[in-house]
2 protein chains.
Amino acid sequence: MAGTDASDRRPLSRRIADDLRAQIARGDFTPGAPLPSERELIELYKTTKATASKVIGMLVAEGLVYTEFGRGTFVRSRPPLRRISAARRHAAHRDAGKPVFDVQAIEQGQVPTREILFVGRGAVPSHSATWLRVATGTEVVIRRRLQLLDGDPAVLSTSYYPLWIADGTLLESPDAIPEGPDELIEKLGHRFSHGIEVFRAEMPSQEEAQLLRLRPGIPVVHMWDVDYDEQDRPLQVAHDIYAGDRHEFSYEWNEEDIRR
Amino acid sequence: MAGTDASDRRPLSRRIADDLRAQIARGDFTPGAPLPSERELIELYKTTKATASKVIGMLVAEGLVYTEFGRGTFVRSRPPLRRISAARRHAAHRDAGKPVFDVQAIEQGQVPTREILFVGRGAVPSHSATWLRVATGTEVVIRRRLQLLDGDPAVLSTSYYPLWIADGTLLESPDAIPEGPDELIEKLGHRFSHGIEVFRAEMPSQEEAQLLRLRPGIPVVHMWDVDYDEQDRPLQVAHDIYAGDRHEFSYEWNEEDIRR
DNA sequence: AAGTGGTCTAGACCACATA
DNA sequence: ATGTGGTCTAGACCACTTT
């Protein structure tokens, strides 16, 4: 117990949190190891339950530790992240006749599954509407599904298809599309000419946290993937929400890219 | 006040938080608008300070609201995000003789500044060491600086240069490098041939949150940019930490990329 | 001075996990 | 049965902002 002497201007909870954080950084608690219980913290730092509980809450919010009800508080371990490479969509699936997600999963020795959450017509939300170049709320075909790896939720994926493409096609059918929506769109006579992928980090909404089974303190990565045809018409907007503690994203470049 | 009737299995704090969240989603509180004060919440929901305070803490951790000491709690507004396009480094700076950060900032009408935090030799941390293909702790030249836009912290940037490149060069000098490190490296006779950019989302450490002046509930995006020469030797590893509420990242592709 | 968020104590009870 | 985290009440004080 260090750094908690006296006349310190930091609040007690902050001092305790800093102390524990330093101990974790020093390796006193290795990943997976239990922190002192709240009752022990009360003893150690001469405080009360509310404060001890708050301290743990701070570390949880930082993503440094997690709690298990009835068991204890543990240092979070950082499992290896699944690498997602961008602008990957078409290159990858062209080889396989399978959805990109499945191809990448199988490459990495994991079993992909999916739960269809919604298929049907609906109003396109604001951000995706901008990418589709339609007004917010325009009716489109929506496919929403949760994609899992070895049974663990990995990506919450929502795709928006304009009616001029999806109307009356299998895209409106609630069944899974074996070859994936991209291949289906090509079969319908459209052609992916160019696209853009846009990312940002956020904290999950309640619903996202629940569906992706995210522990507190874990951010998500939102990705919008927009595909256009030769006439620069948006064919689809895919909005994927990745569990932040299980994914990273990579992009490669070489001299050809620079000097074009 | 809805959804707080009775015999609800959710904890009171959760019910109140859900209630407020729904009201925000409905637009009862618009971005920038104040939430009921904690004392008002105590009245409204017949509870106590600790619980009201916890409710606010939950919403803050979600990044939905923020508090200002002595003023109140307000709905967070989402300012437009600065777009960062990847594999951008060399293409962009080649035109300008300026660091990429400055070029992109000026393009968007903002004033770039930087605070040098550290320049000198040091031990390369584990993740960057992997990318540099050296052992963790190997001595390298490190340049660490905080980059700001219109005075607001935007990126915390740490670059690692192997000694065979940086030894005895301006890269070791604590002054800013007017043309940017990339151009300097090229002047030293090296050539950027290819590279990779890797991203992931995290919650900030205490230090990162402080330097970037991040509000609670805002994640950061870590980006590693690794550049190689023609012989596939890593010339540098740049580790940038972006404030998550002020940036998004984009990548474009077209048919040429697919069919190579 | 009045209102706001931030912190803390003291103590109680509930829900879950484990031996 | 015991130990763990989760929640809550009641009340006090502090620090900051605004009028």
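Each chain gets a letter, A, B and so on, in the order the sequences are listed, and its residues count up from 1. What you see below is based on every heavy atom in this structure, not just the backbone, and it leaves out hydrogens, waters and symmetry mates.
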Subject >> Euclidean distance, atom OH of residue Tyr66(A) to atom P of dT4(D) [Å, nearest integer] >> reply: 16 Å
Filtered N/O pairs between nucleotides 7-14 of chain D and protein, under 3.5 Å:
residue, atom, partner, partner atom, Å
dT7(D), OP2, Lys54(B), NZ, 2.7
dC8(D), OP1, Leu12(B), N, 2.1
dC8(D), OP1, Ser13(B), N, 3.2
dC8(D), OP2, Ser13(B), N, 3.2
dC8(D), OP2, Ser13(B), OG, 2.7
dT9(D), OP2, Thr47(B), OG1, 2.4
dT9(D), OP2, Thr48(B), OG1, 3.2
dT9(D), OP2, Thr51(B), OG1, 2.9

Using atom types as modelled, flag every donor-acceptor pair under 3.5 Å from a side chain in residues 111-120 of chain B to any protein atom, sequence neighbours excluded.
residue, atom, partner, partner atom, Å
Arg114(B), NH1, Asp102(B), OD1, 3.1
Arg114(B), NH1, Asp102(B), OD2, 3.4
Arg114(B), NH2, Asp102(B), OD1, 2.9

Original post:
Looking at residues at least two apart in the chain, or sitting in another chain, which of them share a salt bridge (Lys or Arg N to Asp or Glu O under 4.0 Å) with Arg39(B)?
Top reply: none
Original post:
Starting at the 5' end of DNA chain D, what dot-bracket string do you get if Watson-Crick and G-U pairs under 3.5 Å are bracketed, crossing pairs use [ ], other-strand pairs use | and unpaired bases use dots?
Top reply: ||||||||||||||||||.
**OP:** Return the residues of residues 70-77 of chain A meeting this criterion: a heavy atom under 4.0 Å from some atom of DNA chain D. Order them by number, or give none.
**Re:** Gly70(A), Arg71(A), Gly72(A), Thr73(A)
Original post:
Relative to the ring of Tyr251(B), is the ring of Tyr251(A) parallel (under 30°), tilted (30 to 60°) or perpendicular (over 60°)?
Top reply: parallel
Subject >> Test salt bridge (charged side-chain N to carboxylate O under 4.0 Å, His left out) applied to Arg15(A) and Asp18(A), step by step >> reply: CA-CA 5 Å; Arg15(A) 288 203 301 269; Asp18(A) 288 352; over 6 Å; no
Original post:
For the ring pair Phe249(A) and Phe249(B), is the centre-to-centre distance below 6.0 Å?
Top reply: no
With a 3.5 Å cut-off and sequence neighbours excluded, list the donor-acceptor pairs that the side chains of residues 207-222 of chain B form with protein atoms.
residue, atom, partner, partner atom, Å
Glu208(B), OE1, Ser205(B), N, 3.0
His222(B), ND1, His239(B), NE2, 2.9

Original post:
Between Val55(A) and Leu20(A), is any pair of side-chain heavy atoms under 4.5 Å apart?
Top reply: yes
Would you list the atom pairs, donor with acceptor, under 3.5 Å between side chains in residues 24-35 of chain A and any protein atom, with sequence neighbours excluded?
residue, atom, partner, partner atom, Å
Arg26(A), NH2, Asp28(A), OD2, 2.6

Going by atom type alone, with no hydrogens or angles, which donor-acceptor pairs under 3.5 Å involve a side-chain atom of residues 72-79 of chain B and a protein atom two or more places apart or on another chain?
residue, atom, partner, partner atom, Å
Arg76(B), NH1, Gly63(B), O, 2.8
Arg78(B), NH1, Glu202(A), OE1, 2.9

**OP:** Quick one: list whatever passes salt bridge (Lys or Arg N to Asp or Glu O under 4.0 Å) with Arg145(A), sequence neighbours left out.
**Re:** none
Subject >> For Trp131(B), all residues meeting side-chain hydrogen bond (donor to acceptor under 3.5 Å, both in side chains), sequence neighbours excluded >> reply: none
Subject >> Leu59(B) CG to dG6(C) P, straight-line distance once rounded to whole Å >> reply: 12 Å
Original post:
Leu41(B) has an atom CG; how far is it from atom P of dG6(C), in whole Å?
Top reply: 12 Å
Original post:
Do you know the tightest heavy-atom contact between Arg82(A) and His247(A)?
Top reply: NH2-NE2, 3.1 Å
Subject >> Residues forming a side-chain contact (heavy atoms from CB on, under 4.5 Å) with Thr51(B), sequence neighbours excluded >> reply: Leu12(B), Ser13(B), Thr47(B), Thr48(B)
Original post:
Got a sec? Which of residues 29-36 of chain A come in under 4.0 Å of DNA chain D, heavy atoms?
Top reply: none
